[in-house]
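The structure under discussion appears below in the form of structure tokens.
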Amino acid sequence: MNAERLTIPINPMPDSDRLPHALYRAEQVRNLDRCAIAQYGIPGIELMNRAGEVAYRILRERWPDARDLTVLVGVGNNGGDGYVIARLARAEGLAVRLLQLGDPQRVTGDAAISRDAWRDAGGTIEPYRGLPRRSDVLVDALLGTGLERPVEGLWAEAIQALDRQRAPVLAVDIPSGLHADTGRVMGVAVRADVTVSFIGLKQGLFIGAGPEYCGEIRFSALSIPARVYAGEVASARRIDWDQQAARFGRRPRTAHKGTFGHLLVIGGAPGLSGAVRLAGEAALRAGAGLVTIATHPAHSAWLNLSRPELMVSAVETSADLDPLIARADVVAIGPGLGREAWGRDLWESVLGLDLPMVVDADALNLLAESPRSGSDWVLTPHPGEAARLLGTDIAAIEQDRPAAVHALQGRYGGVVVLKGAGTLIRSDPLRPFAVCSDGNPGMATAGSGDVLTGVIGALRAQGLDAEDAACAGVCLHAAAGDRAARMGERGLVAGDIIAALRPVANRVPALQEDS
Ligand SMILES: NC(=O)C1=CN([C@@H]2O[C@H](COP(=O)(O)OP(=O)(O)OC[C@H]3O[C@@H](n4cnc5c(N)ncnc54)[C@H](OP(=O)(O)O)[C@@H]3O)[C@@H](O)[C@H]2O)[C@@H](O)CC1
Ligand SMILES: Nc1ncnc2c1ncn2[C@@H]1O[C@H](COP(=O)(O)OP(=O)(O)O)[C@@H](O)[C@H]1O
Ligand SMILES: [K+]
């Protein structure tokens with residue numbers, strides 16, 4: 001690969017049927033709504049009508065044979081969208097039952113206008129007392145971006161009832177009960193088949209439990225002017241390998257192995273040699289020119305034999321590292337490092353180095369013991385390591401992953417990759433963080449994180465800066481995991497991800513590779 005710095009634009013508007021990359025917090029989407037209304041003179045009710053129309057069109061497209069619709073509405077504007085959907089469906093001759101949660105007297109503003117239009121068209125409003133025995137599709141217009149507290153009582157019962165029935169569910173804007181900023185389930189949440197989101201994609205659709213609850217995500221900017229978005233910097237951006245691969249052109253014909261950098265992987269205490277081997281092999285498959293492994297003498301000879309392309313050096317103490325560091329462009333430390341005297345000695349000796357670093361696994365645990373900030377490192381904690389680094393527990397990390405990655409970056413500097421479903425990458429706190437929602441649960445397997453360390457190290461060695469290497473590395477790793485999972489998620493092992501790195505990195509189409 002020939003890595004280039006490339007500025008990838010964050011597009012808030014969809015250029016085609018593809019989802020935009022820009023993501024927003026609920027408060028920001030409210031600002032966008034307000035701006036469209038106040039500065040561009042689009043009445044709120046017009047936006048609501050457009051939202052309802054888009055959602056209804058997608059519903060018809062997805063379930064053209066649906067005849068019986070049940071629409072659940074709450075008391076906010078999300079419910080307002082629901083009334084519009086109900087009215088459009090009724091006008092086309094579908095049988096529509098509209099069930100209201102909350103006190104209908106509290107429906108005000110645009111939502112009240114939509115409610116009245118529904119009634120004027122002959123529609124009726126029934127208080128929710130349970131779901132009808134049969135519907136072809138259910139529409140969830142209970143709670144949108146206004147959700148601020150745990151869902152309880154009858155609201156929770158309705159959401160649970162939706163979960164128990166078998167008909168498909170279309171969620172309006174966001175599945176009710178899912179927090180728009182964190183993707184946290186606020187007690188209970190609707191599991192949708194399709195979620196149609198408006199104006200700005202909410203970051204919570206892609207973070208935490210979001211992907212588990214949203215089903216297919218569709219988006220409409222409701223035709224508001226592109227200039228509306230200029231006033232609101234996205235809070236986050238979606239990244240994937242399709243987009244990141246644009247960084248990698250063809251290799252120059254005159255290339256030699258030095259062109260692609262020399263990575264030094266440090267780790268592998270006695271009994272933990274597999275971790276460094278996985279990281280080193282992944283680095284070669286991600287295109288590093290040279291990879292040296294600095295590991296414990298107990299297994300260095302075996303490691304060398306098992307993968308002859310790797311250079312392996314036995315290090316007894318940190319003094320043995322000096323000549324290896326002198327030849328390296330990048331250091332990746334942590335896989336299998338352990339927390340005994342041997343690993344500590346090596347960790348402490350690299351701390352003052354003026355070299356790009358990738359810090360993972362036990363090196364992160366040692367960092368948590370004596371916190372310090374770095375500038376040119378990429379930290380790759382999983383939620384357990386993140387909890388140690390922040391002195392909290394895993395539940396606290398998982399319930400607000402954006403806040404966790406922000407806090408980690410603030411305390412430790414550099415670039416932080418918070419791993420797990422929907423990996424987050426945070427560098428400069430003033431810029432949007434990145435979310436990679438590729439990857440799959442098959443990757444929840446021993447050694448998969450070691451592979452990522454090797455991949456990011458390799459991309460740094462090939463000239464990408466810390467943030468670009470972290471983003472491209474996470475996406476390449478996830479895309480390789482997804483290709484490996486075509487044979488099934490269950491039983492996928494880290495070596496399968498390594499095997500998929502090369503075709504994915506070179507964009508070899510799947511069929512060609514299989515034949
Ligand atoms: N013009 C626009 O702005 C556009 C907006 N659009 C749509 O509006 C949606 C945002 O609307 P919104 O702000 O009215 O919030 P929404 O989520 O419908 O309701 C919040 C209400 O629910 C209540 N509540 C909160 N938590 C609760 C809980 N746990 N359990 C029970 N109740 C709870 C809370 O009432 P409270 O009881 O706190 O007084 C509050 O009144 C957005 O997602 C999109 O669909 C589109 O039409 C495009 C144009
Ligand atoms: N459900 C999932 N969806 C997507 N990616 C996942 C999922 N589970 C794990 N991964 C990815 O697999 C890797 C696991 O890393 P880690 O927990 O450090 O494993 P190990 O310590 O065994 O090497 C991370 O890159 C993580 O993002
Ligand atoms: K909803």
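Every number for a ligand or one of its atoms is a count from 1 in the order of the listing. Source: prediction; values computed, not measured.
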Please write down residue, atom name and distance for the protein heavy atom closest to [atom].
atom: atom 22 (O) of ligand 2; value: G447 N, 2.9 Å
atom: atom 21 (O) of ligand 2; value: H382 CD2, 4.2 Å
atom: atom 1 (N) of ligand 2; value: P441 CA, 3.4 Å
atom: atom 19 (O) of ligand 1; value: G76 CA, 3.5 Å

How are the rings of Y24 and Y229 set to each other: parallel, tilted or perpendicular (split at 30° and 60°)? tilted
For [atom], the option (of [options]) bearing the nearest heavy atom:
atom: atom 12 (O) of ligand 2; options: G442, S448, S437; result: S448
atom: atom 41 (O) of ligand 1; options: R50, R149, R106; result: R106
atom: atom 44 (C) of ligand 1; options: D173, V196, I199, I224; result: D173

Go through ligand 2 atom by atom and flag the ones less than 4.0 Å from a non-hydrogen atom of [X].
X: G439; result: 4 (C)
X: G420; result: 26 (C), 27 (O)
X: T423; result: 27 (O)
X: A446; result: 22 (O)

The K ion (ligand 3) to nearest N/O/S of [X] less than 3.4 Å:
X: A141; value: no
X: V172; value: yes
X: L143; value: yes
X: D173; value: no

Ligand 1 versus [X]: contacting region, heavy-atom distance under 4.0 Å:
X: D33; value: side chain
X: E152; value: neither
X: N77; value: both
X: L147; value: both
X: E148; value: backbone

In terms of side-chain geometry, is the basic nitrogen of R184 or E398 positioned less than 4.0 Å from the acidic oxygen of its partner? no
N-O pairing of R218 and E61 below 4.0 Å: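 Result for this pair is yes, salt bridge flagged.
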Is any N or O atom of G146, backbone or side chain, closer than 3.5 Å to an N or O atom of ligand 1? yes
Are any of the N/O atoms on L143, whether in the backbone or the side chain, positioned under 3.5 angstrom from an N/O atom of ligand 1?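 No.
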Between [X] (side chain only) and [Y] (backbone N and O only), is there a donor and an acceptor less than 3.5 Å apart?
X: E467; Y: S427; result: no
X: Q409; Y: H406; result: no
X: T195; Y: I217; result: no

From NE2 (H382) to OG1 (T423), nearest 0.5 Å: 12.0 Å
Could you measure the distance from the CZ atom of R483 to the CG atom of N440? Nearest 0.5 Å is fine.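 It comes to 13.5 Å.
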Select one of side chain, backbone, both or neither to describe which atoms of [X] lie under 4.0 Å from any atom of ligand 2, heavy atoms only.
X: T445; result: backbone
X: N440; result: backbone
X: M443; result: both

Just which atoms of ligand 1 are under 4.0 Å from any heavy atom in V151? 29 (N)
Suppose I only count heavy atoms of L47 and a 4.0 Å limit; which atoms of ligand 1 are within that range?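 By the 4.0 Å cutoff, the relevant atoms are 49 (C).
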For the residue pair [Y] / [X], report whether a side-chain donor-acceptor contact shorter than 3.5 Å exists.
X: Y83; Y: Q100; answer: yes
X: Q399; Y: T182; answer: no
X: S306; Y: R277; answer: yes
X: R87; Y: N49; answer: yes
X: K202; Y: S197; answer: yes

Atom 33 (C) of ligand 1 touched by protein heavy atom at under 4.0 Å: yes
With heavy-atom distances below 4.5 Å as the criterion, would you say the side chains of T453 and T380 are in contact? yes
Hey, does D482 have a side-chain heavy atom less than 4.5 Å from the side chain of W241?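 Contact flag for W241/D482 side chains = no.
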Is the positively charged end of R426 above the ring of F433, judged by distance under 6.0 angstrom from the centroid and angle within 45° of the axis? no
Taking the six-membered ring of F206 as reference, does the NZ or CZ atom of R238 fall below 6.0 Å from its centre and within a 45° cone about the axis? yes
Does P150 have a heavy atom less than 4.0 Å from any atom of ligand 1?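 In this structure, P150 qualifies as a contact of ligand 1 - some heavy atom is under 4.0 Å.
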Angular separation of N78 OD1 and S176 OG about the K ion (ligand 3), given to 10°: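 About 100°, to the nearest ten degrees.
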